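Accompanying notes for the structure given below.
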Amino acid sequence: MSELLQYVFIGLGNGAVYAMVGLGLVVIYRSTGLLNFAQGELAMFATFGVWTLHEAGLPIWLALLGGMAIGFAIGAIVHQVVVRPVGDPHQKPLAVVIVTIGLFLGFNALAQLIWGTNEKEFATLFGNSEVDVLGTLVDWQKLGALGILAAEALVFWVIFQKTKVGLGMRAVASNPESSALVGIPVTRILMIGWGLAVSVGAVAGAVWAPTPGLSSNLMQLPLIYGFAAITLGGFDSFVGAVVGGLFVGVLTDVVPRYVDAFEKMTLAPAFLVILVVLLVRPQGIFGRKVVSRV
Amino acid sequence: MALLEVQGLTAGYGIVQVLFGLDFSVDAGEAVVILGANGSGKTTTLRAVSGMIAAGGAVRFDGRSVRGMRPDRLVAAGVSHVPQGRGTISDLTVDENLRAGAYSRRDRGIAADIEHWYSVFPRLGERRDQAAGSMSGGEQQMLAIARAFMSRPRLVLLDEPSLGLAPLVTREVFDRVGDLVRDTGTAVLVVEQNANLALAFASRAYVLEAGRIVNQGSSDELRGDESIRQAYLGS
Ligand SMILES: Nc1ncnc2c1ncn2[C@@H]1O[C@H](COP(=O)(O)OP(=O)(O)O)[C@@H](O)[C@H]1O
Ligand SMILES: [Mg+2]
């Protein structure tokens, strides 16, 4: 029992990272209607920013804030310089998807070029101690990940529901043309969206990095789980990303421990989730069916 | 000097030219209609004026060239555009649609303006927290008009408000916009197929055919014109 609980907490802690990756994916999906295949690599790049600032002597939490700012700038620049010139993603979806795949490869190569191919040790945000929860020892780092996810969800809610920029982002996601006509600076809004996505990616990377160590491949697994998370929760739903991420986290950490068939295939439960959801409820649990506009 | 002055306007899509040098103008506080059949280029004209598509020729608003200006800048300059199909931002509530309409503003009067529009259109007030996309076509048209006025424009471009509306509802829309022109002094340029209502609403009219203006005059003159009667008034 307490062993199961331990796996559940590990799963929730990891799931929090998938949820954060999912949040970034949802931000971009809502404004472009596309999956951003570069989400993981952009996050990894920003995580190297955190690492570099920490190496330079900043405390890890300050380094994280700095990395988020770097991530925001990277996202904004990528949108302005690479994504936007390709054209309207609603008109040319394939071209934009290919660009995000190109970004994936480009940022991976660039990270190797700048920081080498050796894995770097990455400081934990919450130290290495454990805490007793219901008779089970749980890493502070896993609980902390859940706390950060909760804070992020709150910040997202405030930004999207309570601020003018958030209103602009929701308007642009719903009807970009009409948004421009009512006076919303659509390009700037999209740029902020990309910045926000990479910024949360930096947090996801910094929470994830201590376990596998920091390398250019850091976010490839979390990206796949992030895809599974938003497939389950709905590509356009922030709530869905959080719930889906936590569910996928628990699923992929618990199931392989008890089901022999999955022991050597820890990715399999995630793919099963994607497959089943796509068959049964393609819009995801919290997502909405695409309604055609009048 | 005219509020909106358009000379030699050309526009198209890719290699297909749609507009072949239009001249028209709208004075401050004036209601003007561009009449045209389906496909004559009405929507393209408004899209070219508000910078949604590339255009040639001269477009001056308040004496200043605004050709090619980004739509959001143009809104800030004082031109609102209600697109064909009403441009409802479906996933936002009615209230949020109105706030979106005030996006270019930085003053503190926005909440009071929203309440004002709820008193003008009580149906919108009743539905303020409802997703805008769930309202009827007529309600969405009222919302689009109120939203366009939220930026406190001096000119509103209105694209075929009658589209998809029952005749009675269309009549009400025109009545309300007519009231607004009179009460607020805002100029309105409407493009329409429905000549009856549009000529009753506007003081001046242009007739657009295949991307060229082929006739113009006061609404009364055009109502009496035999070719107009045959082509647009069904008599
Ligand atoms: N997005 C577009 N791409 C290509 N051609 C278009 C597009 N929109 C309109 N057209 C063409 O331009 C012409 C004028 O269209 P439009 O301005 O929509 O006319 P109206 O609003 O008077 O019905 C039509 O021949 C139409 O087929
Ligand atoms: Mg039209």
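These numbers come from a predicted model, not from an experiment. Naming convention: chains lettered A, B, ... in sequence-line order (proteins, then strands); numbering from 1 in each chain.
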Give, as side chain, backbone, both or neither, the part of [X] having an atom under 4.5 angstrom from any heavy atom of chain A.
{"X": "B:M150", "answer": "neither"}
{"X": "B:R73", "answer": "neither"}
{"X": "B:S151", "answer": "neither"}
{"X": "B:A76", "answer": "neither"}

What's the shortest heavy-atom distance between [X] and [Y], and which atoms?
{"X": "A:S174", "Y": "B:D91", "value": "OG-N, 3.1 Å"}
{"X": "B:L92", "Y": "A:A171", "value": "CD1-CB, 3.8 Å"}
{"X": "B:R70", "Y": "A:P185", "value": "NH2-CB, 4.3 Å"}
{"X": "A:V165", "Y": "B:Y103", "value": "CA-OH, 3.5 Å"}
{"X": "B:V75", "Y": "A:A180", "value": "CG2-O, 4.4 Å"}
{"X": "A:I184", "Y": "B:D72", "value": "O-CB, 3.6 Å"}

Taking atom [atom1] of [X] as the centre, does the number of heavy atoms from other residues, nucleotides or ligands within less than 6.0 Å exceed 12?
{"X": "B:R105", "atom1": "CZ", "result": "yes"}
{"X": "A:F247", "atom1": "CZ", "result": "no"}
{"X": "B:R171", "atom1": "CZ", "result": "no"}
{"X": "A:L154", "atom1": "CG", "result": "yes"}

Checklist entry - Do any N or O atoms from the side chain of A:N175 and from the backbone of B:T88 form a donor-acceptor pair under 3.5 angstrom? => result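 The answer is yes, because a donor-acceptor pair under 3.5 Å joins these two groups.
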Next on the checklist: Under the criterion side-chain contact (heavy atoms from CB on, under 4.5 Å), I'd like the reasoning laid out for A:S178 against B:H81: C-alpha separation, chi angles, the key distance, then a yes or no.
Outcome noted: CA-CA 9 Å; A:S178 200; B:H81 180 168; over 6 Å; no
Distance in Å, [X] [atom1] paired with [Y] [atom2], rounded so as to fall on 0.5 Å steps:
{"X": "A:R170", "Y": "B:I89", "atom1": "CZ", "atom2": "CD1", "answer": "10.5 Å"}
{"X": "A:L181", "Y": "B:L46", "atom1": "CG", "atom2": "CG", "answer": "10.0 Å"}
{"X": "B:N97", "Y": "A:S179", "atom1": "CG", "atom2": "OG", "answer": "9.0 Å"}
{"X": "A:E177", "Y": "B:R47", "atom1": "CD", "atom2": "CZ", "answer": "4.5 Å"}

